[in-house]
Amino acid sequence: MRVNGGERVLVGEGERVEQSLELFKLRRGELGTADPFTCSRAFLLELSINKTIKTAIMATGPLRFRTPHIEELPTAQSRQSAGFAWVPVSGAQDDPAKNWGTTNRKRQRQSTGGQTDQQKEAVSARQQREVERRIKDLNSDNSKETVEIPKKPGQQPSGGAFKIGKTTGTKKIMSSGKGLQHHLEDEQAEIDRTGRREGEVDAPAPNAQRASKTPLHRRKPREDSSASNSPAPAVSSMPPPAIPRGMSMDTAAELVQLDDSDEDGENQLPGLPSAAEMEALLNAAPLTYAQARAASPPPGLPPPRRFCETCGYWGRARCLKCGAMTCSVVCKDEHDQSKCLKMYA
Amino acid sequence: MTPQKSRTELDLSSQTLVLDNGAYHIKAGFSSDHPTYKECRTFPNCIARTRDKEILVGSELAQCNDYGDIDFRRPVEKGYIVDWEGERAIWSRELEKGEIKCNPKETNLILTEAPNGPQALQTHSDQMIFEEFEFASAYRCIAPTLNAYNDTRSLFGDPQAPSLEALPAEVLLLVDTGYSHTTVTPLFHGRPAHNAIRRLNIAGKQISNLLSELISLRHFNVRDEPYIVDEIKEDACFVSTDFTHDIEACWSGNSNRKDLDRSVVVDYVLPDYTNTYRGFVRPHDSSRAAELRRLGLSTLDQPKEDFFPLGNERFGPPELLFNPSDVGLSCEGVPGMIMQSLSTLPEALRPGLLANIMVVGGCSLLPGFVERLDMEVRKRVNSDFVVRVRRAEDPVRSTWLGGARLASNRSLLRQHVVTKQQYEENGAPWTARQFAGKRGR
């Protein structure tokens with residue numbers, strides 16, 4: 001390339017454009033930026049370097065200033081230019097010719113180097129919302145408005161007091177509008193604060209594992225920590241009380257005895273726990289609501305099975321727009337007409 | 001030592017009211033020397049408002065003729081009494097003029113609740129019992145424990161106990177599927193092993209809701225009629241032992257409607273409240289005439305009836321108990337929960353529990369539930385373990401009967417209850433600890 005005015009910058013064919021630009025900027029610095037004419041030239045050259053060299057030559061026409069004449073000088077390395085420039089890209093790139101023009105979002109997701117974490121979050125968040133909505137519907141009580149309690153027609157002498165409650169405690173209980181969720185959250189807050197439940201004398205370790213709020217599908221498997229479910233070790237402070245029913249002591253002793261008598265066999269079951277151990281087991285404090293819920297199944301199992309939305313048979317095909325499963329073309333048509341999200345969303 | 005002494009000297013009143021407070025029904029009755037199921041009264045635990053804006057409390061619901069468009073208020077949520085205002089109204093109505101008329105001040109009370117409840121709700125219950133209703137004495141326990149006092153030996157076919165007293169079963173694994181939730185509780189001599197109790201929030205209500213959603217989407221809008229959907233569930237639903245086979249039987253094929261398998265697909269006829277007051281099931285009629293009649297396009301002069309076919313709606317919703325992942329819940333079903341519960345206990349105790357699995361609760365009345373549960377548990381354990389799963393004779397009232405048998409044994413009862421006087425002397429936290437079984441304090 002040659003720039004009018006003298007300065008010549010050689011741009012080899014295979015050379016990176018940035019390098020040439022850098023070089024040119026250096027040169028421009030020497031010229032000094034005060035000169036407007038030089039500046040404009042510099043600007044134009046920058047412009048041209050960003051595009052292909054051919055268009056730079058073309059672009060000289062409509063501009064107002066006296067544009068520099070740029071011609072490509074043949075160098076030792078010049079070849080037939082392909083009309084494109086290689087630019088560095090971040091991330092792995094498959095052959096774009098493979099999935100050109102595809103509208104299949106699944107393929108697209110796979111080919112463009114996988115989804116970003118953000119996109120994956122968005123998809124799973126939407127699914128999670130759907131699932132939660134479904135579960136909430138299942139748990140609903142179908143009550144439209146609160147049904148009022150019928151007022152008794154003035155039978156009691158002190159009508160008002162009877163209605164609300166006999167003592168202050170009961171008044172408070174009956175007039176509180178707390179739902180179950182409130183109570184559960186209150187209890188959780190109490191545990192976090194003081195490390196023990198109301199009414200328990202011996203507290204479990206204060207850093208007991210908090211009932212986690214992460215949705216079940218994201219929960220990592222919990223290791224057995226000492227501060228998890230069983231506060232049984234803390235019970236040692238309480239002496240095992242006498243077993244109230246005489247029968248149980250005998251049978252417990254019998255059970256233990258039975259085991260003692262067949263000690264020779266090596267393939268016997270491990271010994272039954274002693275009476276003290278049983279007491280410890282039974283005297284353990286009850287779990288909180290969250291701790292007692294059934295845990296998620298082990299990860300090795302097959303994925304949850306899906307059913308057709310329209311007829312209930314096995315789901316075989318997923319709707320591209322809303323992700324619902326249908327079993328056949330007939331059901332899919334039905335789905336598209338009435339239930340697909342594109343009708344609402 | 002003193003509390004122990006004064007307790008054995010207590011003279012309890014002769015009448016004991018056993019109240020099994022469920023989310024759907026209350027099972028209540030007075031215990032006697034030899035209690036039977038006949039003494040148990042069952043009435044709905046709700047306040048309902050009918051189509052005509054009439055309000056019915058508890059057992060008054062039986063007077064209602066028209067169950068369409070009825071609205072319910074249930075004080076029990078997920079097994080715990082949350083709405084005491086409503087619950088008080090129901091209880092007082094029954095105690096005053098209903099099925100269990102009595103004077104609370106002269107009666108002992110045995111009240112059941114669900115396990116793992118918030119401590120605050122438990123204290124609320126105690127306060128209400130003693131301060132509002134003023135029962136003479138009370139014992140509040142978790143529902144599964146009462147079942148241990150039933151005659152489990154004859155249920156499992158074991159030889160009879162040496163003494164005739166109602167002593168609790170030594171080892172029992174109780175599966176309680178009610179309306180709002182399902183729990184698995186291992187019991188030893190009637191006392192629960194707290195660390196091993198597991199709960200699943202799938203039971204009658206969720207099954208009914210899913211059923212109503214499926215029917216509303218596919219055939220007929222029944223979303224506003226939960227009572228009717230409950231009836232449909234009781235009449236037509238079952239638990240399938242071979243899910244794949246049943247679902248194939250219900251498929252109508254790609255576009256040619258081959259004849260559906262009659263043994264699985266049925267028609268359900270809704271009540272019209274002029275001739276019939278309750279729906280019923282009849283075998284599926286897949287002829288064209290029936291199809292027209294269903295859509296209301298028939299020209300024949302026949303009484304108009306609303307009916308629709310039920311195929312995989314019959315066994316799909318109950319399948320949730322075994323596979324909650326069908327609807328997206330990532331919990332294990334009942335068999336998985338049993339295994340989880342057992343895994344927290346010492347190995348030596350597991351064979352005893354597996355051989356004594358007792359199933360109670362309304363949902364266990366679904367045909368095929370026990371067989372399916374038996375099959376699933378066997379799949380998950382070694383073949384050299386003995387697995388026995390039995391359903392109580394009357395699963396709905398079994399807990400009540402256990403409580404009544406406990407109450408009939410006065411010495412046992414005396415050990416458990418807390419009198420009003422003791423409550424007032426020692427306070428609510430002490431009472432809660434007593435009920436939780438921590439004696440000797």
Side-chain angles (χ1 to χ4, degrees), chain A residues 131 134-135 137-144 146-147 149-150 165-167 169-170 173-174 179-180 183-184 186-187 197-199 216-217 229-230 232 241 244-245 247-248 251 269-273 278 281-289 292-297 304-305 312-314 328 330, chain B residues 47 49 55 71-74 77-78 80 82 84-86 88-89 115-116 118-121 124 127-128 131-132 167 170 188-189 191 193-195 197-200 206 209-210 226 247 251 254-255 312 316 325-332 336-337 340 346-348 415 429 432-433 438-440:
Chain A
V131 167
R134 191 116 195 252
I135 293 172
D137 277 344
L138 283 187
N139 277 322
S140 77
D141 262 327
N142 286 319
S143 58
K144 296 182 277 270
T146 329
V147 178
I149 296 165
K166 285 188 188 160
T167 64
T170 51
I173 294 173
M174 294 213 284
L180 181 66
H183 285 290
L184 290 174
D186 284 347
E187 194 180 47
R197 292 168 81 178
E198 198 185 309
L216 286 164
H217 81 285
N229 293 347
S230 63
R245 294 167 278 284
M247 186 81 159
S248 53
T251 45
L269 288 169
L272 291 163
M278 286 299 288
L281 188 68
L282 297 171
N283 274 322
L287 304 174
T288 60
Y289 180 81
R293 294 197 54 181
S296 39
R305 33 191 210 184
Y313 192 58
W314 300 114
S328 57
V330 174
Chain B
I47 301 176
R49 184 177 56 212
I55 298 192
D71 205 8
F72 289 108
R73 170 176 172 172
R74 298 195 187 278
E77 251 181 76
K78 292 201 166 60
Y80 312 110
V82 181
W84 265 110
E85 212 189 333
R88 195 198 75 85
N116 308 109
Q119 209 73 27
L121 287 181
H124 285 343
Q127 273 186 300
M128 290 299 289
E131 294 174 20
E132 178 71 23
L167 287 172
E170 274 172 35
F188 301 101
H189 294 284
R191 299 169 67 194
H194 288 285
N195 291 336
I197 303 182
R198 293 280 177 270
R199 86 153 19 207
L200 175 67
Q206 284 77 16
N209 280 342
L210 183 57
I247 209 174
W251 196 38
N254 250 322
S255 43
N312 53 40
S325 53
D326 281 353
V327 89
L329 260 181
S330 60
C331 304
E332 289 212 75
M337 223 174 30
Q340 277 177 23
E347 268 192 46
Q415 285 162 359
R433 278 201 296 279
K438 293 184 171 44
R439 298 177 214 295

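Proteins get letters first, then strands, A, B, ... in listed order; numbering begins at 1 in each.
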Report summary line: Output for pair (A:Asp186 CG, B:Gln119 CD), nearest 0.5 Å, gives 13.0 Å

Query raised in the report: By side-chain hydrogen bond (donor to acceptor under 3.5 Å, both in side chains), which residues pair with B:Glu131, not counting sequence neighbours?
Result: A:Thr167, B:Tyr423

Query raised in the report: Any side-chain heavy-atom pair from B:Leu329 and A:Ile135 closer than 4.5 angstrom?
Result: yes

Report summary line: Applying a strict 4.5 Å limit to non-hydrogen atoms, the region of B:Met337 in contact with chain A is side chain

Requested in this report: Side-chain contact test, heavy atoms from C-beta onward, threshold under 4.5 Å: evaluate it for A:His183 versus B:Tyr80 and give yes or no.
Outcome: no

Query raised in the report: With side chains defined as the heavy atoms from C-beta onward, is the minimum distance between B:Asp326 and A:Arg305 less than 4.5 Å?
Result: yes

**Report entry** Part of B:Ile47 lying under 4.5 Å from any heavy atom of chain A
**Finding:** both

**Report entry** Distance, nearest 0.5 Å, that separates CG of A:Asp137 from CG of B:Asn209
**Finding:** 8.0 Å

Query raised in the report: Can you tell which of B:Gln127, B:His124, B:Lys78, B:Arg74 has the highest number of heavy-atom pairs within less than 4.5 Å of chain A?
Result: B:His124

Query raised in the report: How many angstroms lie between CZ in A:Arg293 and CG in B:Asn116, if you round to the nearest 0.5 Å?
Result: 11.0 Å

Query - Considering all heavy atoms, the nearest A:Gly312-B:Ile247 contact - result: O-CD1, 3.5 Å

Requested in this report: Nearest 0.5 Å please: distance from the NE2 atom of B:His194 over to the CG atom of A:Leu287.
Outcome: 9.0 Å

Query raised in the report: Would a 4.5 Å heavy-atom cut-off, applied to side chains only, mark B:Glu132 and A:Met174 as touching?
Result: yes

Requested in this report: Not counting sequence neighbours, which residues clear salt bridge (charged side-chain N to carboxylate O under 4.0 Å, His left out) with A:Arg134? List them please.
Outcome: B:Glu213

Query raised in the report: Who wins among B:Gly336, B:Ser325, B:Pro346, B:Pro115 for the most heavy-atom pairs under 4.5 Å with chain A?
Result: B:Ser325

